[in-house]
Amino acid sequence: MAPSTLTALANEKTLETSFIRDEEERPKVAYNKFSDEIPVISLQGIDDVNGRRSEICERIVNACEDWGVFQVIDHGVDAQLISQMTKLAKEFFELPPEEKLRFDMSGGKKGGFIVSSHLQGEVVQDWREIVTYFSYPIRARDYSRWPDKPQGWIGVTEQYSEKLMDLACKLLEVLSEAMGLEKEALTKACVDMDQKVVVNFYPKCPEPDLTLGLKRHTDPGTITLLLQDQVGGLQATKDNGKTWITVQPVEGAFVVNLGDHGHYLSNGRFKNADHQAVVNSNSSRLSIATFQNPAPDAKVYPLKIREGEKSIMDEPITFAEMYRRKMSKDLELARLKKLAKEEKIQTEEAKLESKPIEEILA
């Protein structure tokens with residue numbers, strides 16, 4: 001089981017075994033060895049139909065076809081709002097453990113604070129603390145699960161989530177048009193768009209080479225916007241994990257990545273970005289992700305299939321069912337990996353027991 005907070009563990013000399021990943025899952029590239037392969041795209045002029053819009057849209061589409069991830073600047077979200085959101089988020093994680101644990105979301109509670117992950121059954125823990133708000137649809141907000149400290153964070157989060165929802169919808173319009181559809185097509189496919197804000201805190205780690213802040217994954221939803229600080233740690237791969245790059249932090253930029261839903265709606269044309277987060281022993285890291293997801297009963301199926309292509313899905317399913325299958329598969333693979341590891345250890349122990357003591361000591 002994950003500890004209640006990581007505050008005490010961050011000062012230990014060694015890492016608890018529950019956080020240690022298998023050799024093949026450990027970081028391959030340093031948290032601060034930055035790459036410029038992920039494009040940084042200015043959105044200045046994106047609404048100017050007779051100006052830069054076509055050029056900007058082309059860059060976004062190319063990035064989605066190549067990596068499924070890019071960064072945006074000149075996005076229209078007020079720098080002061082970003083600064084407030086970041087400052088208040090840092091202050092929350094500096095609170096004493098008992099204050100954070102007032103909003104403990106373990107046991108299936110929707111929203112609040114937790115260490116590592118809110119997925120039940122994870123075999124290896126991620127080295128992170130999170131606080132999460134479910135912010136859209138507005139009518140479904142449960143403010144009893146929104147932390148009330150530091151003072152003012154609820155109001156700032158409301159403003160922030162609204163601006164990020166607007167930005168996400170604007171980017172989905174671009175992708176809809178690229179598919180030859182009306183600009184609201186991808187947003188409409190979400191039916192009643194859900195938004196979850198997840199604030200990730202990755203404390204300094206005693207043995208960062210043995211663990212991950214967030215394990216390798218693709219996001220299940222439509223589109224994710226991530227604000228990261230200047231420490232570094234977000235990594236992406238497009239060759240199934242053979243090579244990884246660390247995304248260069250850009251002050252005030254949002255990292256945009258498509259999730260599985262966006263991938264399926266485009267019939268695989270737009271990549272669902274494969275990514276992870278690594279940690280370090282020098283400094284803590286903060287990032288704020290907003291996940292724009294479809295409603296649970298929204299149908300998942302390609303909106304348009306280009307000539308000569310086949311659907312990458314056998315049949316339409318609901319997003320809730322798509323999510324359930326993804327999580328079940330993920331946990332089952334983790335369980336089988338753990339089982340194989342235990343069987344290997346038992347086999348090695350049996351071999352040792354069958355050998356004469358002289359041969360073992362030789």
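Model, not experiment: these values are computed from the prediction.
- Classification of the Phe93-Phe201 ring pair by plane angle, with boundaries at 30° and 60°, yields parallel.
- For the side chain to side chain contact (heavy atoms under 4.5 Å, CB included) test, residues two or more places apart in sequence or in another chain that qualify with Glu24 are Asp22, Lys337.
- Remark: Lys28 pairs with no residue by the side-chain hydrogen bond (donor to acceptor under 3.5 Å, both in side chains) rule, at least two apart or across chains.
- For Asn267 (side chain) and Lys310 (main-chain N/O), a donor-acceptor pair under 3.5 Å exists by modelled atom type.
- The closest side-chain heavy-atom distance from Gln71 to Phe254 is not below 4.5 Å.
- Distance check: Glu315 CD to Tyr301 OH gives 9.0 Å after rounding to the nearest 0.5 Å.
- A salt bridge is absent between Glu309 and Arg269: the closest approach of a Lys/Arg side-chain nitrogen to an acidic carboxylate oxygen does not fall below 4.0 angstrom.
- Looking at residues two or more places apart in sequence or on another chain, you find a side chain to side chain contact (heavy atoms under 4.5 Å, CB included) between Lys204 and Ser284.
- Side-chain contact between Met322 and Met313 is absent, with no heavy-atom pair separated by less than 4.5 Å.
- Partners of Arg52 by side chain to side chain contact (heavy atoms under 4.5 Å, CB included), not counting sequence neighbours, listed by chain and number: Ser42, Gln44, Glu55, Ile56.
- Here the side chains of Tyr160 and Gln84 are not in contact, with every heavy-atom distance at 4.5 Å or above.
- Under a 3.5 Å cut-off, the side chain of Thr224 and the backbone N or O of Phe291 do not form any donor-acceptor pair.
- Within the 4.5 Å cutoff, the side chain of Leu172 has no heavy atoms near those of the Glu184 side chain.
- Considering only heavy atoms from C-beta on, Thr86 stays 4.5 Å or farther from Asp229 through its side chain.
- Within the 3.5 Å criterion, the main-chain N or O of Pro316 finds no donor-acceptor partner in the side chain of Lys299.
- For the pair Thr246 (side chain) and Ala30 (backbone), a donor-acceptor distance under 3.5 Å is present.
- Remark: Gln80 CD is loosely packed, at most 12 non-hydrogen atoms of other residues, nucleotides or ligands lying under 6.0 Å away.
- Ser161 places a side-chain N or O within donor-acceptor distance of the main-chain N or O of Glu158, the cut-off being under 3.5 Å.
- Residues Cys205 and Val279 share a closest heavy-atom pair of CB-CG2, 3.8 Å.
- Checked by atom type and distance alone, the side chain of Thr237 never pairs as donor or acceptor with a backbone atom of Asp274 at under 3.5 Å.
- Looking only at side-chain heavy atoms (C-beta outward), Leu258 and His263 stay at 4.5 Å or farther from each other.
- You'll find the side chain of Val278 stays beyond 4.5 Å of the side chain of Val29, heavy atoms only.
- A heavy-atom distance below 4.5 Å is not found between the side chains of Glu91 and Trp153.
- Judged by distance alone, the side chain of Asp219 and the main-chain N or O of Gly221 form no donor-acceptor pair under 3.5 Å.
- If you run side chain to side chain contact (heavy atoms under 4.5 Å, CB included) between Trp67 and each of Lys271, His275, Glu37, only Glu37 comes through.
- By the salt bridge (charged side-chain N to carboxylate O under 4.0 Å, His left out) test, Asp209 is found to be paired with no residue, residues two or more places apart in sequence or in another chain being considered.
- Residues Arg285 and Gln228 have side chains that bring a donor and an acceptor to within less than 3.5 angstrom of each other.
- Sorted by first and then second residue, the salt bridge (charged side-chain N to carboxylate O under 4.0 Å, His left out) pairs with a member in residues 320-329 read Asp260-Lys326, Glu321-Arg324, Glu321-Arg325; sequence neighbours excluded.
- Ile46 pairs in a side chain to side chain contact (heavy atoms under 4.5 Å, CB included) with only one of the listed residues (Glu173, Lys170, His75), which is Lys170.
- The 12-atom threshold is not exceeded at NZ of Lys90, counting heavy atoms of other residues, nucleotides or ligands nearer than 6.0 Å.
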